[in-house]
A.B. asks: 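There's a structure below that I have some questions on.
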Amino acid sequence: MKVLLIGSGGREHALGWKLAQSDRVSELLSLPGNPGLALLGPLVEGVEPTDVGAVAALARIHRIDLVVVGPEAPLAAGVADALSRLGIPVFGPSRAAARLESSKTFAKEIMHRAGVPTARSWTFTTASDAHGHIDLTGGPFVVKADGLAAGKGVIVTVDSDEAHAWVDRCLEGGFGGAGATVVIEEFLEGAEVSVFAVCAGTEAVPLAPARDYKRLGDGDTGPNTGGMGAYSPVSDLPEGLVQWTMDEVVGPTLRQMADDGHPYTGFLYAGLILAPRGPQVLEFNVRLGDPETQVVLPRMETDIVDLIEGALNGGLVEPTWSDQAAVEIVLAADGYPEAPVKGTVITGIDRLPDDVIVFHAGTAREGKNLVVDGGRVLNLVAVGDTVAAARDRVYDAVETVRWRGMQYRRDIGGDPT
Ligand code: AMP
């Protein structure tokens with residue numbers, strides 16, 4: 001079958017890598033893809049992934065048998081609806097169902113009606129009401145732009161002035177339309193955990209858990225980033241947490257969505273906080289996580305096409321997992337996350353040992369050179385019998401790759417090496 005993969009980051013390269021291993025995939029096209037995905041099949045140019053009509057037309061012209069969508073923006077724009085209208089199988093939720101991520105207010109309403117435990121929240125569209133709420137409550141304050149803001153729409157602060165300023169920033173267009181509604185949440189404290197599921201209507205199966213690292217620096221210091229590394233499996237999760245999430249979060253949410261006429265198909269990511277009163281949902285994402293996907297898929301033994309087709313055709317399969325562990329380090333650009341320096345030449349990829357998997361995340365070809373073209377540039381992943389063994393393998397190889405100002409954490413998967 002011919003598969004079209006939408007997206008261009010490390011998550012998508014990992015999805016493409018796994019799709020390309022399937023005997024059933026004869027050709028893998030990527031839109032827009034990246035230099036790593038270009039090694040697996042043609043890249044399609046000239047169409048914006050959020051231009052849903054153009055994506056659907058392209059899939060028809062190329063006689064695509066299956067479309068897999070990596071990021072949230074095309075889903076929130078309605079790419080799955082446009083493809084479905086043409087009868088082209090697509091793995092990812094409809095625009096209406098993607099509101100679980102694209103509107104925090106929508107997600108809260110669904111959770112309340114489904115009885116899913118989540119932080120208390122208040123929604124505002126006028127500044128005076130939001131400011132009044134902050135004045136009446138004590139900190140810490142959690143203020144969120146309602147819509148998609150590329151992970152940048154949230155502030156957690158003890159400082160009420162900052163909370164007020166964030167309200168203004170949202171409502172005055174600092175996040176475009178995404179901030180026209182503001183959500184203020186009860187502050188919760190606890191460790192954060194993500195659980196991923198493959199969903200098909202009211203049915204779902206979990207994927208293996210992974211842990212990611214959001215801060216730039218070792219020991220969880222420095223600014224927040226998109227993610228600086230990950231590992232899987234995670235041995236210290238509370239017992240039964242994945243099953244609890246399936247029973248108490250994913251199941252009720254899917255049933256509520258179906259009852260409301262927005263059945264959900266696709267990957268679903270539940271971001272949880274292990275609060276003193278029990279696990280609470282902080283957010284849903286309507287796609288897999290990046291960088292977690294890059295350690296989850298190398299451990300998955302099941303053919304990903306079987307998994308996806310099962311979900312699309314009413315025969316969900318429970319994936320099987322290797323006992324091995326995977327550890328990933330994200331190599332980031334100089335200046336990341338504030339102002340990544342692009343255009344720097346990358347060397348050494350071709351000298352990496354065969355047992356290290358390279359996923360491209362923010363690279364570009366410039367003539368013969370591979371150059372930095374984003375904040376998170378490359379992901380290196382190694383597999384081993386234990387997290388420690390995988391970690392040693394990937395850290396042994398990391399300095400083979402070089403560019404000016406390359407940054408990475410030295411404590412992914414355990415103690416600094
Ligand atoms: P979100 O995009 O809604 O997941 O928020 C981004 C990050 O802000 C989360 O991963 C948490 O670290 C933090 N956060 C969000 N909501 C809360 C909350 N209610 N209490 C404490 N921290 C939160």
Side-chain angles (χ1 to χ4, degrees), residues 11 71-73 75-76 98-112 116-124 130 133-134 137-160 162-163 165-167 169-170 174-176 178-179 181-197 209-217 220-230 234 237 241 245 249-250 253 267-292 337:
R11 168 184 53 210
E72 64 280 14
L75 296 165
R99 284 181 295 167
L100 275 182
E101 177 168 0
S102 66
S103 168
K104 291 187 186 292
T105 308
F106 176 84
K108 285 286 183 190
E109 276 172 24
I110 292 285
M111 284 191 271
H112 283 135
V116 172
T118 183
R120 273 188 289 273
S121 70
W122 299 265
T123 295
F124 303 96
H133 181 87
I134 290 169
T137 54
F141 304 95
V142 181
V143 184
K144 305 184 175 186
D146 179 71
L148 294 183
K152 299 192 172 75
V154 176
I155 195 171
V156 180
T157 178
V158 291
D159 180 347
S160 62
E162 263 184 7
W166 201 259
V167 165
R169 183 163 169 193
C170 290
F175 299 103
T181 299
V182 171
V183 177
I184 299 183
E185 271 186 22
E186 161 198 21
F187 172 79
L188 296 172
E189 224 167 347
E192 290 183 46
V193 179
S194 315
V195 175
F196 307 109
R211 172 164 293 143
D212 73 337
Y213 295 70
K214 284 276 181 255
R215 299 298 191 107
L216 181 70
D220 288 332
T221 54
N224 256 318
T225 71
M228 293 299 291
V234 186
L237 287 183
L241 183 73
T245 308
V249 175
V250 176
T253 300
F267 295 112
L268 183 66
Y269 165 131
L272 309 175
I273 194 159
L274 306 179
R277 67 170 184 258
Q280 310 283 308
V281 177
L282 285 186
E283 63 165 347
F284 284 120
N285 290 162
V286 298
R287 34 127 182 135
L288 289 175
D290 185 339
E292 297 95 323

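One-based numbering, in listed order, for ligands and for the atoms of each.
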A.B. asks: Can you tell me which residues line ligand 1 if we count any heavy atom under 4.0 angstrom from one of its atoms, in chain and number order?
C.D. replies: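 Contacts of ligand 1 under 4.0 Å: Lys104, Ala119, Val142, Lys144, Val154, Val156, Glu185, Glu186, Phe187, Leu188, Glu192, Leu282, Glu283.
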A.B. asks: Which pairs would a plain distance check flag for residues 268-278, meaning a side-chain donor or acceptor within less than 3.5 Å of a matching protein atom at least two apart in sequence or in another chain?
C.D. replies:
residue: Tyr269; atom: OH; partner: Ser194; partner atom: OG; Å: 3.2
residue: Arg277; atom: NE; partner: Gln280; partner atom: OE1; Å: 3.4
residue: Arg277; atom: NH1; partner: Glu186; partner atom: OE2; Å: 2.7
residue: Arg277; atom: NH2; partner: Glu186; partner atom: OE1; Å: 3.0
residue: Arg277; atom: NH2; partner: Glu186; partner atom: OE2; Å: 3.4
residue: Arg277; atom: NH2; partner: Gln280; partner atom: OE1; Å: 3.2

A.B. asks: Can you tell which of Leu216, Asp220, Asp212 makes a side-chain contact (heavy atoms from CB on, under 4.5 Å) with Met228?
C.D. replies: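 So the option named by the test is Leu216.
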A.B. asks: Rounded to the nearest 0.5 Å, how far apart are CZ of Phe196 and CG of Leu288?
C.D. replies: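 CG of Leu288 is found 6.5 Å from CZ of Phe196.
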A.B. asks: Are Glu185 and Lys108 close enough for a salt bridge, meaning some N to O gap below 4.0 Å?
C.D. replies: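 A salt bridge links Glu185 with Lys108.
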A.B. asks: Out of curiosity, Ile134 CD1 to Glu162 CD, how far, rounded to the nearest 0.5 Å?
C.D. replies: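 Reported to 0.5 Å precision, the distance equals 11.0 Å.
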A.B. asks: Any chance you could measure Thr118, atom OG1, to Leu282, atom CG, to the nearest 0.5 Å?
C.D. replies: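 Going from the OG1 atom of Thr118 to the CG atom of Leu282 covers 7.0 Å.
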